[in-house]
Amino acid sequence: MRRRRIHEGKAKVLFEGPQPGTLVQYFKDDATAFNNEKRGIIVGKGVLNNAISEYLMLRLAEIGVPTHFVRRLNMREQLIREVEIIPIEVVVRNVAAGSISKRLGLEEGSPLPRPIVEYYYKKDELGDPMVSEEHITAFGWASNLDLDDMVPLALRVNDFLSGLFLGVGLKLIDFKLEFGRLWEDEEMRIVVADEISPDSCRLWDTKTNEKMDKDRFRRDLGGVEEAYQEVARRLGVLPDSIPAEGGRPTLVK
Ligand code: TMP
């Protein structure tokens with residue numbers, strides 16, 4: 001029986017899950033950057049991001065950060081709770097890099113005075129523009145109450161993940177979170193959704209400052225697959241072999 005496809009994004013596909021209120025999240029090897037202008041394949045990325053995101057979501061649940069994650073099903077799929085995605089990308093930055101460096105003329109790698117939270121409206125046609133709380137609440141994308149949950153959660157995730165990555169020799173420069181509304185009976189809870197992976201984080205090696213994330217793809221730095229594998233290896237979740245999408249297994253070097 002073929003599963004019903006609910007949504008196809010740039011890096012993942014969502015299928016109907018086995019029980020009501022669940023979905024299956026499938027991780028592809030496809031990579032895009034600069035709002036779809038640059039496209040490519042990062043071989044094995046889906047498998048690695050599935051494993052890395054599983055690990056990080058489980059660790060977050062342990063400290064009481066609610067997430068949509070239920071369990072990993074296989075190399076490329078995980079079972080998740082169905083949530084109503086809030087159309088805002090929440091970015092937390094510890095060190096200047098990427099768009100904040102460009103926008104504000106800050107040298108990449110310069111530490112920020114404190115963690116900075118930014119919001120981007122999820123709208124591909126517009127290239128995910130940066131927005132303020134005023135826009136978010138005025139247009140009803142999220143309420144003040146939603147934001148009162150989201151921002152402290154994002155900062156807790158930042159503190160926790162910064163420490164976790166530091167423990168494996170990686171600096172968490174910045175990352176993006178998505179949140180969803182989870183309905184249980186009449187109650188609504190805000191939970192962390194989507195994925196947390198080298199696609200959505202900037203991670204620099206603490207000793208060499210080498211980029212270990214999707215910037216290797218965005219900026220044509222080479223060693224893209226190797227960087228994703230190294231992040232998984234340091235977190236202790238690198239699989240013995242990485243099956244290709246829909247086909248033969250490829251051996252990890
Ligand atoms: P930025 O510097 O390009 O604004 O990116 C900030 C962080 O957010 C970086 O870790 C990458 C992540 N990010 C996404 O996950 N998805 C996106 O669409 C963009 C633009 C950034």
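When a ligand or atom number is given, it counts from 1 through the structure's own listing order. Below, all heavy atoms of this structure are taken into account, side chains as well, without hydrogens, waters or symmetry copies.
Counting only N and O atoms by type, the side chains of Asn50 and Tyr26 include no donor and acceptor under 3.5 Å apart. Between the side chains of Asn158 and Asn94, a donor-acceptor pair is found at a separation under 3.5 Å. A donor-acceptor pair shorter than 3.5 Å can be found between the side chains of Lys171 and Asn209.
Every atom of ligand 1 is numbered from 1 in the order shown, and the set under 4.0 Å from a heavy atom of Ser200 is 10 (O), 12 (C), 15 (O). Every atom of ligand 1 with a heavy atom of Phe175 under 4.0 Å away is listed here by number and element: 10 (O). In the vicinity of Gly98, heavy-atom distances shorter than 4.0 Å reach the ligand 1 atoms 2 (O). Using a 4.0 Å cut-off to heavy atoms of Cys201, the atoms of ligand 1 that qualify are 10 (O).
Using a 4.0 Å cut-off between heavy atoms, Asp213 makes no contact with ligand 1 at all. Contacts with ligand 1 closer than 4.0 Å are made by no heavy atom of Glu118, backbone or side chain.
Residues satisfying the salt bridge (charged side-chain N to carboxylate O under 4.0 Å, His left out) criterion with Lys38, sequence neighbours excluded, are Asp220. Considering only residues two or more places apart in sequence or on other chains, Glu107 meets the salt bridge (charged side-chain N to carboxylate O under 4.0 Å, His left out) condition with none of them.
The shortest separation from a heavy atom of Arg93 to ligand 1 is under 4.0 Å, placing the residue in contact. Under a 4.0 angstrom heavy-atom cut-off, Asp199 registers as being in contact with ligand 1. Using 4.0 Å as the threshold, Lys214 has no heavy atom nearer than that to any atom of ligand 1.
The protein heavy atom nearest to atom 5 (O) of ligand 1 is Arg202 NH1, 3.5 Å. Counting only heavy atoms of the protein, atom 16 (N) of ligand 1 lies nearest to Lys176 CE, 3.7 Å. If you check which protein heavy atom lies closest to atom 7 (C) of ligand 1, you get Asp174 OD1, 3.5 Å. Ranking protein heavy atoms by distance to atom 19 (C) of ligand 1, first place goes to Glu89 OE1, 4.4 Å.
Of the possible donor and acceptor atoms, one in the side chain of Arg234 sits under 3.5 Å from a partner among the backbone N and O of Gly169. Remark: the backbone N or O of Ile63 is paired with a side-chain donor or acceptor of Arg156 at under 3.5 angstrom.
Note: no N/O pair closer than 3.5 Å links Arg218 and ligand 1 by distance alone.
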Problem - Derivation of the side-chain contact (heavy atoms from CB on, under 4.5 Å) call for Ile80 and Thr22 - result: CA-CA 6 Å; Ile80 58 171; Thr22 66; over 6 Å; no
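By heavy-atom distance, the residue among Ser99, Ala11, Ala33 lying nearest atom 2 (O) of ligand 1 is Ser99.
Contact annotation for atom 14 (C) of ligand 1: protein present (non-hydrogen atoms, distance under 4.0 Å).
For the pair Tyr120/Ser99, a side-chain contact is recorded, criterion being any heavy-atom separation below 4.5 Å from C-beta on.
The CG atom of Asp194 lies 11.0 Å from the CZ atom of Phe179; values are rounded to the nearest 0.5 Å.
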